[in-house]
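Only heavy atoms go into these numbers, but all of them, side chains included; no hydrogens, no water, no symmetry mates. Throughout, protein chains are lettered first and strands after them, A, B, ... in sequence-line order, and every chain is numbered starting at 1. Model, not experiment: these values are computed from the prediction.
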Number of protein chains: 2
Amino acid sequence: MKLSDGVEWGVHACVLLAVLPADAALPAARLAEYHGVPSAYLAKHLQALARADVLETVKGPRGGYRLSRPATEITVLDVVEAIDGHEPAFRCTEIRRRGPSAAPVRDYRMPCGINRVFSGADDAWRAALAATTIADLVVGVVQDAPRAALDKAGRWLNDAIR
Amino acid sequence: MKLSDGVEWGVHACVLLAVLPADAALPAARLAEYHGVPSAYLAKHLQALARADVLETVKGPRGGYRLSRPATEITVLDVVEAIDGHEPAFRCTEIRRRGPSAAPVRDYRMPCGINRVFSGADDAWRAALAATTIADLVVGVVQDAPRAALDKAGRWLNDAIR
DNA sequence: GGAGTGATACTCGGATATCTGGTGTCCGAGTTTTCGCGG
DNA sequence: CCGCGAAAACTCGGACACCAGATATCCGAGTATCACTCC
């Protein structure tokens, strides 16, 4: 089980977009350049984020992507589900109903116990991701990142949205 | 992000093996027949479980697989990690250290904040899976499964380990 | 009848093909800007 | 100098190849069983 690399990129992109001045936007090419990732492929994931109403797009020159909501109202889970989909990691195939000891389908009232365990784990995973917002991550980055990196990032941003 | 189908099969197989009489074993072919899954492919996952010391193997006629420990001491997480590996779903590629605003590596003391969030979610997921043992699942199956299915399963088992 | 021995049948184990989904890329549709021109 | 308009440049958006890992399978290695033979 592995999470798509695009998820990591998407979260980082949202964090960067969160510190943009209001009404500014950043093109996919700039976001890719900033993070050192393939531009075209990052664009694919940004489109997914736009479809999920996490980002909104501005077309034409001076256009690009920006957050569609305040960073305090976008959770990490929102980003993950936008890119990775809403499917749970575990998909019960109801194999208990197969094989030589199966009973008629209508006799299985409760969901499979194994399914319940995995669903619970999935809920815990999602709850943990939903507890953190993009705004929280911004605070963390500002606290943890080296001063020099923050300065460089600020200058780069000013130049990018010029 | 999707969990391998083999994980589901492995858990079901362990549940069935948990109700075997002591010192009996069940071949991979029988386990596959019981669950209605491809025999050779299930065998692959059973081998992984054996390598992880969840199952032990008995070679030769009347041989097969059986639990290597009491079912109360095998958690669902043990089975999942044996088949799916110990890698966390999210692997931080440290993209914060790349791009035009990067700083020297030694300046990044703390793990990336994004990484911390996903690690926490992963821990919650694992904790939820570790909270349930195979023995617990057996109890659940006995409670939930239709009476007819349990009877059929009992007869089938007696015939299989004959 | 009992023990030894060889053959046998059955099991796991790892090495080997196939295929779906993630990875990576490209060019077309649409819009804002901007430059030029006329008033 | 100001307003209008057309061209242009820049952006997103979805459609198209490629590749790794999961899926599925097979045959060889090893061992307990069993039958047979000999004592």
In residues 46-61 of chain A, what donor-acceptor pairs under 3.5 Å come from side-chain atoms, sequence neighbours left out?
from: E56(A); atom 1: OE2; to: R66(A); atom 2: NE; distance (Å): 2.9

May I have the list of side-chain donor-acceptor pairs in residues 7-24 of chain A shorter than 3.5 Å, sequence neighbours left out?
from: E8(A); atom 1: OE1; to: T93(B); atom 2: N; distance (Å): 3.4
from: E8(A); atom 1: OE1; to: T93(B); atom 2: OG1; distance (Å): 2.9
from: E8(A); atom 1: OE2; to: T93(B); atom 2: N; distance (Å): 3.0
from: E8(A); atom 1: OE2; to: T93(B); atom 2: OG1; distance (Å): 3.2

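Residues from residues 10-32 of chain A lying near DNA chain D, meaning a heavy-atom separation below 4.0 Å, are P27(A), A28(A) in numerical order.
The CZ atom of R62(B) sits 13 Å away from the C1' atom of dC34(D) (whole-angstrom rounding). Computed from coordinates, the R66(B) CZ to dC12(C) P distance equals 12 Å when rounded to whole Å. Summarising the geometry, the separation between CD on Q47(B) and P on dT25(D) is reported as 15 Å, rounded to the nearest angstrom. Going from atom CG of L55(B) over to atom P of dG13(C) covers 10 Å, rounded to whole Å. Following rounding to the nearest Å, L49(A) (CG) and dG14(D) (P) show an atom-to-atom distance of 13 Å.
Atoms CD and CE, from Q143(B) and M110(A) in turn, are 9.0 Å apart once rounded to the nearest 0.5 Å.
With hydrogens and angles ignored, the 3.5 Å screen pairs a side-chain donor or acceptor of Y108(B) with a backbone N or O of A103(B). Of the possible polar contacts, none joining the D159(B) side chain to the W156(B) backbone as a donor-acceptor pair under 3.5 Å is found. Remark: side-chain polar atoms of K2(A) are not paired, donor with acceptor, to backbone N or O of F90(B) under 3.5 angstrom. For the pair R97(A) (side chain) and A102(A) (backbone), a donor-acceptor distance under 3.5 Å is absent.
With the nearest nucleotide of DNA chain C identified for both G60(A) and A43(A), A43(A) has the one nearer the 5' end.
For D122(A) and R126(A), the salt-bridge test passes: some basic side-chain N is under 4.0 Å from an acidic carboxylate O. Salt bridge annotation for R116(B)-D144(A): present, with a cationic side-chain nitrogen under 4.0 angstrom from a carboxylate oxygen.
Side-chain atoms of R51(B) lie closest to dG14(C) of the nucleotides dG14(C), dC12(C), dC12(D).
Checked against salt bridge (charged side-chain N to carboxylate O under 4.0 Å, His left out), D84(A) has no partners two or more places apart in sequence or in another chain.
For the pairing with E94(B), the salt bridge (Lys or Arg N to Asp or Glu O under 4.0 Å) check across R96(B), R91(B), R98(B) returns one residue only, R96(B).
The phosphate of dT11(D) (OP1 or OP2) has no side-chain N or O of T57(A) nearer than 4.0 angstrom.
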All N/O contacts under 3.5 Å from nucleotides 3-8 of chain D to the protein, with atom names and distances to one decimal?
none

Detail all sub-3.5 Å separations between protein N/O atoms and N/O atoms belonging to nucleotides 22-24 of chain C.
from: dT23(C); atom 1: OP2; to: S4(A); atom 2: OG; distance (Å): 2.6
from: dT23(C); atom 1: OP2; to: Y41(A); atom 2: OH; distance (Å): 3.1
from: dT23(C); atom 1: O5'; to: Y41(A); atom 2: OH; distance (Å): 3.2
from: dG24(C); atom 1: O6; to: K44(A); atom 2: NZ; distance (Å): 3.4

